[in-house]
Amino acid sequence: VEVRHFLEEIKLEKYFDKMIENGIEDLETILELKDDHVEQMGVPLGHKLKIIKKIKDIRSDKGMTVP
């Protein structure tokens, strides 16, 4: 549910299955993703940038350090 919600917020829910296949099943795991990881899943550059930006925004909102 967290993964789907995360992707819906940035209109990229088409990557839901790809994330689940790669063992990314919760927000905690999403927040650990780095550029390389998203790239390895075969996500195109523009969509990768959206995902990384959203991760940074969430980390910032939670008061976590942004790598």
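Nothing fancy with the numbering, it's 1 onward along the sequence. No experiment lies behind these values; they were computed from the predicted model shown. Below, each value reflects all heavy atoms present in this structure, side chains not excepted, and no hydrogens, waters or symmetry copies.
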Tell me, which pairs form a side-chain hydrogen bond (donor to acceptor under 3.5 Å, both in side chains) where one or both residues lie in residues 19-28, sequence neighbours left out?
-> Asp26-Thr29
Just how far is it from atom CD1 of Ile51 to atom CG of Leu33, taken to the nearest 0.5 Å?
-> 8.0 Å
With a 4.5 Å limit on heavy-atom distance, are the side chains of Leu27 and Lys62 in contact?
-> yes
Please set out all donor-acceptor pairs under 3.5 angstrom arising from side-chain atoms of residues 39-50, sequence neighbours excluded.
unit_1, atom_1, unit_2, atom_2, d
Glu39, OE1, Lys48, NZ, 2.8
His47, ND1, Tyr15, OH, 2.6

Hey, could you give me the CG/CZ distance between Asp17 and Arg4, rounded to the nearest 0.5 Å?
-> 7.5 Å
Taking all atoms of both residues into account, what is the closest heavy-atom pair of Met64 and Leu31, and its distance?
-> SD-CD1, 3.9 Å
How many angstroms lie between NE2 in His37 and NZ in Lys34, if you round to the nearest 0.5 Å?
-> 6.5 Å
Between NZ of Lys18 and CG of Leu7, what distance do you get to the nearest 0.5 Å?
-> 12.0 Å
Lys54 NZ to Lys56 NZ distance, which is reported to the nearest 0.5 Å = 14.5 Å
Non-hydrogen atoms of Arg59 and Glu32 that approach each other most closely = NH1-OE2, 4.1 Å
